[in-house]
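Only one structure is covered here, and it is reproduced in the block below.
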Amino acid sequence: MTLPRCLDCGAERASELCEACGLSTVEAELMFRRRLLSLTLIFLLGAMAFLPASHYYPPLELDAMLIFIGVVFFATLGLAALLDLRARRHLEIEGWKRVFRGLVPVPWLLAGLLFVNGKLDRSPPRPVTVNVVGKFRMPGLLRIHRLIVASWREGSEFERIHVSEDDFARFDVGDSVQVRVQDGLVGIPWVFGVYRE
Ligand SMILES: [Zn+2]
């Protein structure tokens, strides 16, 4: 027979008081919920920190990163809900807890990476002249504005360039624009700005 585990520290408990952390069943559950809530908040703050980092130093592959962050976002919130439910039903949670804890720092790491990659980048901006072939905007929380331009990179057809709302309004399909690209300190190419040719 397996013993129930302490919700706080995960040790098997044979008695009311956990031998590893000294908490009672009720205290351990309270501690577990408090920790779950604070880790979820830390995660949400990280997701919010990613947005300004990706706005000031937008990587060329921003949309792929946003999709990745989106998947991580819903997986993490789903796991938090699952952990809560399983704890309530006294089911095994140690494995899920580990996955959840592994996901919490992900948006912080990505935000930090983009920030360092752009902020400390001393490479000179490389100007490339391209034609705007499309525009894309998505209102709402993320307020996405993209200029779709013909790609200058081998192997890709288009680039979706992150621009401010002003630049989005300033440029039209058919315009020839100069995109200034930087290599990035850690090798993530990013867009310094878009200018009129
Ligand atoms: Zn314990």
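Every value quoted in this text rests on a predicted model; they were computed, and no experiment measured them. Below, all heavy atoms of this structure are taken into account, side chains as well, without hydrogens, waters or symmetry copies. Just follow the structure's listing: the first ligand is 1, and inside any ligand the first atom is 1.
Screening residues 111-155 for ring-ring contact (aromatic ring centres under 6.0 Å, His included) gives Y57-F115, H145-F168 as the qualifying pairs, with residues at least two apart or on separate chains.
You'll find the side chain of D8 stays beyond 4.5 Å of the side chain of E29, heavy atoms only. Taking the side chain as every heavy atom from C-beta outward, V179 and I161 approach each other to under 4.5 Å.
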* Asked: After noting the C-alpha distance and the side-chain angles of T129 and S176, does the key distance pass the side chain to side chain contact (heavy atoms under 4.5 Å, CB included) rule?
  -> CA-CA 7 Å; T129 304; S176 182; 3.5 Å; yes
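Taking a cut-off of 2.8 Å, the protein N, O or S atoms nearer than that to the Zn ion (ligand 1) are C6 SG, C9 SG, C18 SG, C21 SG.
Nearest heavy atom pair, residue A87 against residue L7, reads CB-CD2, 3.8 Å.
Linking Ile, Leu, Val, Met, Phe, Trp and Tyr whenever their side-chain heavy atoms come within less than 4.5 Å puts L79 and W108 in one cluster.
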